[in-house]
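In what follows, chains carry the letters A, B, and so on, assigned in the order in which the sequence lines appear, proteins first and then strands, with residues in each chain numbered from 1.
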Protein chains: 2
Amino acid sequence: MGNENLVFKKFLLSKGLKLTKPRKIILDTVFATHEHFNVDGLYDQIRKKHKDVSRATIYRTIPLLIESGLIKQSLRCLAKDHYEHIYGHGRHLHLICEKCGKIIEVESKETESILNKLAKKHDFKIREFNIGAKGLCEKCRNK
Amino acid sequence: MGNENLVFKKFLLSKGLKLTKPRKIILDTVFATHEHFNVDGLYDQIRKKHKDVSRATIYRTIPLLIESGLIKQSLRCLAKDHYEHIYGHGRHLHLICEKCGKIIEVESKETESILNKLAKKHDFKIREFNIGAKGLCEKCRNK
DNA sequence: TTGAGAATGAGATTTATTCTCAGAATGAAT
DNA sequence: ATTCATTCTGAGAATAAATCTCATTCTCAA
Ligand SMILES: [Zn+2]
Ligand SMILES: [Zn+2]
Ligand SMILES: [Zn+2]
Ligand SMILES: [Zn+2]
């Protein structure tokens, strides 16, 4: 796969932290699929193979993954925070169907460059884009 | 002021619901300022004048205000859902400072028309835009 | 005035997330 | 290997936003 491992390890080292077994399992599971994820789903996924990783450690590791630039906070859905990869993924925006929950991902270079321009005008330094819309997908509309 | 009252009343009537005193107080307070708001802040604001509106009723009224098209869910900040007016407000996007919490509102017509185009391509019907970015404002960067 | 349905406040409940803490793992230095 | 300081961990308690329950009160049309 990619070298998320290396990226994460370097990041941890730079902060005097360690790439422990639980952290490695969490990292690997996060990058085992390309879907958005939340803590509960990730926990279930991990538990299929490893009985020795706790929710607490997942909650503690996610901020590290974010700070290392590997993932970002994404949607909030059904009262749960969701996350998604940055590393190895093109930037995109989300069209979220409010009925079936389907998420359509779309390239977003144009919108980002506009946002960058606006941010510059307001002397604002963007760290993370958050671009999308909610509505109805084709299937749910025609049903 | 505007006729949010009328809009809300019509909406409620159309659903067989009533514009009661608590609902009216909540509506008025929501539209008394033009800031984004959350339940706690709204509750405090209301309590300055009216001792007889409960948190429960606020939580129950907000979905009605959303469904009536008067307000929309906006940011999530400090683990709290935030809301903002739609009625009487131009659409805008948010630049949120992650350090001081400042929110810069910016016109967003261009980005919206791009999003509309992309949505059409994916046969998606947008109900609500959600466009913004997180980062650092000028003051927090230069401190 | 009355009655059926809607709405309310108070407080209990739920549940995602954070916190606490005692013990386990780590790894550098001896 | 043995120390030792530090970081990590799992388990479960704690927190707090949002939702739910329920007995009572309001509303309004008949
Ligand atoms: Zn759908
Ligand atoms: Zn995505
Ligand atoms: Zn700031
Ligand atoms: Zn706004």
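What separates CZ of B:R76 from C1' of C:dT17 is a distance of 10 Å, to the nearest Å. For the pair A:D81 CG and D:dA17 C1', the interatomic distance rounds to 12 Å; values are reported in whole Å. Between the CZ atom of A:R60 and the P atom of D:dG10 there is a distance of 7 Å, rounded to whole Å. Put simply, OH on A:Y59 is 15 Å from C1' on D:dG12, counting in whole angstrom units. The nearest whole Å value for the distance from the NZ atom in B:K15 to the P atom in C:dA7 is 11 Å. Distance, B:L17 CG to D:dC28 P: 12 Å, rounded to whole Å. For B:D40 and D:dT19, the CG to P distance is 14 Å, given to the nearest whole Å. The nearest whole Å value for the distance from the NZ atom in A:K21 to the C1' atom in C:dA24 is 11 Å.
Other residues, nucleotides and ligands contribute more than 12 heavy atoms inside 6.0 Å of the NZ atom of A:K51. Under a cut-off of 6.0 angstrom, the local environment of CD in A:E138 is crowded, with over 12 non-hydrogen atoms contributed by other residues, nucleotides or ligands.
Between B:T20 and C:dA6 there is no side-chain N or O to OP1 or OP2 distance below 4.0 Å. For the pair B:R23 and C:dA6, the criterion of a side-chain N or O lying under 4.0 Å from OP1 or OP2 is not met.
For B:D52 and A:L78, each mapped to the nucleotide of DNA chain C holding its nearest heavy atom, the one lying further toward the 5' end belongs to B:D52. With DNA chain D read from its 5' end, the first of the two nearest nucleotides for A:T57 and B:K18 is the one closest to A:T57. Summary of the strand contacts: B:A79 and B:A56 both lie near DNA chain D, and taking for each the nucleotide with the nearest heavy atom, the more 5' one is attributed to B:A79.
A side-chain N or O of B:Y43 and one of B:R47 form a donor-acceptor pair less than 3.5 Å apart.
Using a 4.0 Å heavy-atom criterion, one finds that B:K80 contacts the sugar-phosphate atoms exclusively.
Rounding to the nearest 0.5 angstrom, the gap separating the SG atom in B:C97 from the NZ atom in B:K139 is 10.5 Å.
Taking the ring centroids of B:H85 and B:F31, they lie under the 6.0 Å cut-off.
Not a single donor-acceptor contact under 3.5 angstrom links the side-chain atoms of A:R55 to the base of D:dG12.
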